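Let me begin by presenting the structure, written as structure tokens, before commenting on it.
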Amino acid sequence: MPTIQREFFSHTVSVAPDSPEGRFIETIRRFDEFGQTSAEAVLPGETRAPVPILTNEFWTSKQRAGHPLHEVSYRACFKPQLPRFFIERLTAPGDLVYDPFMGRGTTLIEAALLNRAAAGCDISPLGAILTAPRLAPPTVEAIEQRLGEIDWTAAEPEDLWEDLHAFYHPETLRALGALRRHLRTQSAPDPVDAWIRMVATNRLSGHSPGFFSVYSLPPNQAVSIDRQRKINAKRDQTPPPRDVPAIILKKSRQLLKTVSAEDRRRLHAAAAGARLLTRSCDDTPEIKSGSVQLVVTSPPFLGIVDYKYDNWLRCWFNNIDAKQVPVWQFNRPKQWDEAMSRVFTELRRVLRPGGWVAFEVGEVLKGTVNLEEIVVPLAEAAGFVPVLVMVNQQEFTKTANCWGVNNNKGGTNTNRIAVLRKPEGRAKRR
Ligand SMILES: C[S@@+](CC[C@H](N)C(=O)[O-])C[C@H]1O[C@@H](n2cnc3c(N)ncnc32)[C@H](O)[C@@H]1O
């Protein structure tokens, strides 16, 4: 039986067994869909932890494939099975599901596919650029037609950057410049152009001919120009020409291959009412108080992922000054605490009474800091009922690298999710 290393909460939270919280705990305790029941962690020498900490394989890619529409890479994205688990159990069709740190929009797309309303926020404009087009997907025919209409040679000097020849053949860079120009000259890109921009953003650099660049690191982690030059020298490679529109069309077909008429209907219905904010999620006046049924989210962890640096090439392509995007990157737990307390206060405002939060946190500093130990007291201080901590354990193979694990070895993947609920009664705090 796993033990937790130290007491992270000064008292035990008790919930009535016949309350929604109690029933959810029981569901998770008894969960055995993949052959084993949940293991419960205890404090050394005690009978139970401050909140139940339940470990199991709750969702898995082996038995349950995610929808191909999710398959755009993003640093530290979660798998669609994670939000699906909570959306299916804690919301009904039509309810609003929100992700304040939306990234590539996994929670929103999954909510829409499950016939829920969706809202999201990310401080980086890349969040909306990657998410909105997949909530309103055009047809392959419309994409193909538009790709045929773009003048792929019409780059202007401001749309080219010579140093990028480290990544791209001159003809490829010209085509990318022409696409930048095409997108720049639209006052508001229509859904087809927005789709093309989203796919191109995802094909900028990578390790196969399915990307515009010569061999490079995976697409969610662009290396610097100097580093790319070194990779080229070491591998004795020069960027080959790539067919930019053909790559965009091929990836579009992959993303859209299983989008059914019903998926399309649900996605478009969610898109029509969706709020996608580009701002810091601790202050979101656009999201109505008491409107959200469920938040499923994963905040930036302590010093783990450098979103600013990893996204520099995507920012260039989209005319975003990466240095001006004030992405939260904290190295000290205290800074993280302060920011997350503000986020919890805001989440409490936007949630309906009785609404839920599934807050995914990483194990950082080689397991010496379990962020949920910080999250549970912070959430209680903001007026939430801490319900339980779920630890999802999944064996992964070398192809599973969506979690920021890309060491090409097998191993165990762990996600830790603090589940919280806003009390049903009158709000005590603002
Ligand atoms: C762990 S990622 C979320 C990934 C997401 N769950 C997905 O599946 O793509 C954290 C995100 O938080 C965003 N972020 C950082 N600071 C933020 C802030 N103050 N407000 C909103 N988003 C922020 C980052 O840009 C990044 O996209």
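On a predicted model such as this, the values are computed, not experimentally measured, just so you know. Counting convention: from 1, in listed order, for ligands and their atoms alike.
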* To do: Would you kindly check if the NZ (Lys) or CZ (Arg) of Arg332 is within the cone defined by 45 degrees around the ring axis of Phe330 and under 6.0 Å from the six-membered ring centre?
  => no
* Counting both backbone and side chain atoms, is some N or O of Ser124 under 3.5 Å from an N or O of ligand 1? -> no
* Asked: Has Pro300 got any heavy atom lying under 4.0 angstrom from an atom of ligand 1?
  -> yes
* Is Glu360 touching ligand 1 with its side chain, its backbone, both, or neither, if touching means heavy atoms under 4.0 Å apart? -> neither
* Asked: Would you call the rings of Phe24 and Trp356 parallel, tilted or perpendicular if under 30° counts as parallel and over 60° as perpendicular?
  -> tilted
* Ignoring angles and geometry beyond distance, decide whether Ile123 reaches within less than 3.5 Å of ligand 1 through its nitrogen or oxygen atoms. => yes
* Can you check side-chain hydrogen bond (donor to acceptor under 3.5 Å, both in side chains) on Ser38 and Arg29, steps first, answer last? -> CA-CA 5 Å; Ser38 303; Arg29 221 174 237 142; over 6 Å; no
* Answer yes if the ring centres of Phe58 and Phe31 are under 6.0 angstrom apart, and no otherwise. => yes
* Any salt bridge (charged side-chain N to carboxylate O under 4.0 Å, His left out) pairs touching residues 333-344, not counting sequence neighbours? -> Asp282-Arg342, Lys334-Glu338
* All side chain to side chain donor-acceptor pair (under 3.5 Å) counterparts of Arg227, not counting sequence neighbours -> none
* To do: Fit a plane to each ring of Trp161 and Trp316, take the angle between them on a 0 to 90° scale, and name the class: parallel (under 30°), tilted (30 to 60°) or perpendicular (over 60°).
  => tilted
* Identify which of Asp122, Val72, Asn311, Thr278 has a heavy atom lying nearest to atom 11 (C) of ligand 1. => Asp122
* Structure fact -> Pro299 heavy atoms within 4.0 Å reach ligand 1 at atoms 1 (C)
* Asked: For atom 19 (N) of ligand 1, which candidate among Ser280, Ala339, Cys281 holds the nearest heavy atom?
  -> Ser280
* Step-by-step side-chain contact (heavy atoms from CB on, under 4.5 Å) determination, Arg184 to Asn319 -> CA-CA 8 Å; Arg184 185 168 47 77; Asn319 277 310; 3.9 Å; yes
* Asked: Can you list the ligand 1 atoms lying under 4.0 Å from a non-hydrogen atom of Ala76?
  -> 1 (C), 4 (C)
* Structure fact -> If we number the atoms of ligand 1 from 1 as shown, the ones under 4.0 Å from a heavy atom of Thr106 are 7 (C), 8 (O), 9 (O)
* Structure fact -> Within the 4.0 Å heavy-atom cut-off, what Tyr74 brings close to ligand 1 is side chain
* **Proximal atoms of ligand 1 relative to Met102 (non-hydrogen, under 4.0 Å)** => 5 (C), 7 (C), 9 (O)
* For ligand 1, which atoms, with element, lie under 4.0 Å from some heavy atom of Val327? -> 15 (C)
* Asked: Considering only heavy atoms of Arg279, which atoms of ligand 1 have at least one such atom less than 4.0 Å away?
  -> 20 (N), 21 (C)
* Asked: Looking at Pro100, which atoms of ligand 1 are within less than 4.0 Å of one of its heavy atoms?
  -> 21 (C), 22 (N)
* Does an N or O anywhere in Trp328 fall below 3.5 Å from an N or O of ligand 1? -> yes
* Could you state the interatomic distance from CG (Asn56) to CD1 (Ile28), rounded to the nearest 0.5 Å? -> 9.0 Å
* To do: Examine ligand 1 and decide if any of its atoms is less than 4.0 Å from a heavy atom belonging to Gln329.
  => no
* Asked: For Asp99 and Thr297, does a side-chain donor sit closer than 3.5 Å to a side-chain acceptor?
  -> yes
